[in-house]
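All ligand and atom numbering here is 1-based and tracks the order in the structure.
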Amino acid sequence: MAAFSRRLTFSLVLLFLFLSFTEAKEFLVGGKTDAWKIPSSESDSLNKWAEISRFRIGDSLVWKYDGGKDSVLQVTKEAYGSCNTSNSIAEYKDGSTKVKLEKSGPFYFISGAEGHCEQGQKLIVVVLSPRHRYTGITPAPSPAEIEGPAIAPTSSATGLKAGFLVTLGVLVFGLF
Ligand SMILES: *[C@@H]1O[C@H](CO)[C@@H](O)[C@H](O)[C@H]1NC(C)=O
């Protein structure tokens, strides 16, 4: 019985790991609830946080802030660069904002509060294109590998399928 439940636990852990690599994620901007504010230093900036995160199509960004004092504006690259709040693509000021990342490429956000963007309360999120989706689990290829002729463009999809079959196999054989 103990062996069975150990195997069951192991199978569930594997299944969870598999799902966590493929399911859409929700990212709390800045990694904590009070992060949508003027950064205290360059190293504290939201773009530092964004650089170490991997965003994929279907993931969502979530902001928590005081809706009476601040807002989130999705803007163009130009408006981001000049902190122009007058013509945003979308404006959110409900204090709990969720934006789904529907396509690959850069997304630009600035604070709608007077003077905040100029002081660094801004965020660029770059969503990876689908063919880069699973680079998170495989190490980055070395330059030699990139130049080599052997890498097929479908390798990551094949790897994923193999991973799924292994997980399924472990589940089935682990249980019975
Ligand atoms: C902000 O953008 C709007 C619309 O693109 C433009 O008309 C306006 O001149 C800009 N304001 C500044 C200060 O650049």
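Atom 9 (O) of ligand 1 is never approached by the protein to below 4.0 angstrom, counting heavy atoms only.
Looking only at protein heavy atoms, the nearest one to atom 5 (O) of ligand 1 is Asn87 ND2, 3.8 Å. Looking only at protein heavy atoms, the nearest one to atom 11 (N) of ligand 1 is Asn84 ND2, 2.9 Å.
Taking each heavy atom of Ile124 and Pro106 in turn, the nearest pair found is CG2-CB, 4.5 Å.
In this structure, the side chain of Trp36 does not engage the main chain of Ser111 through any donor-acceptor pair within 3.5 Å. A distance-only check finds no donor-acceptor pair linking the side chain of Asp59 to the backbone of Glu26 [under 3.5 Å].
No N or O atom of Ser82 sits closer than 3.5 Å to an N or O atom of ligand 1.
Annotation: cation-pi geometry satisfied between Lys122 and Tyr80 (NZ/CZ under 6.0 angstrom from ring centroid, within 45° of ring axis).
At a threshold of 4.5 Å between non-hydrogen side-chain atoms, the residues Leu123 and Trp49 count as touching.
Within ligand 1, counting atoms from 1 as listed, the ones closer than 4.0 Å to a heavy atom of Ser86 are 1 (C), 2 (O), 3 (C).
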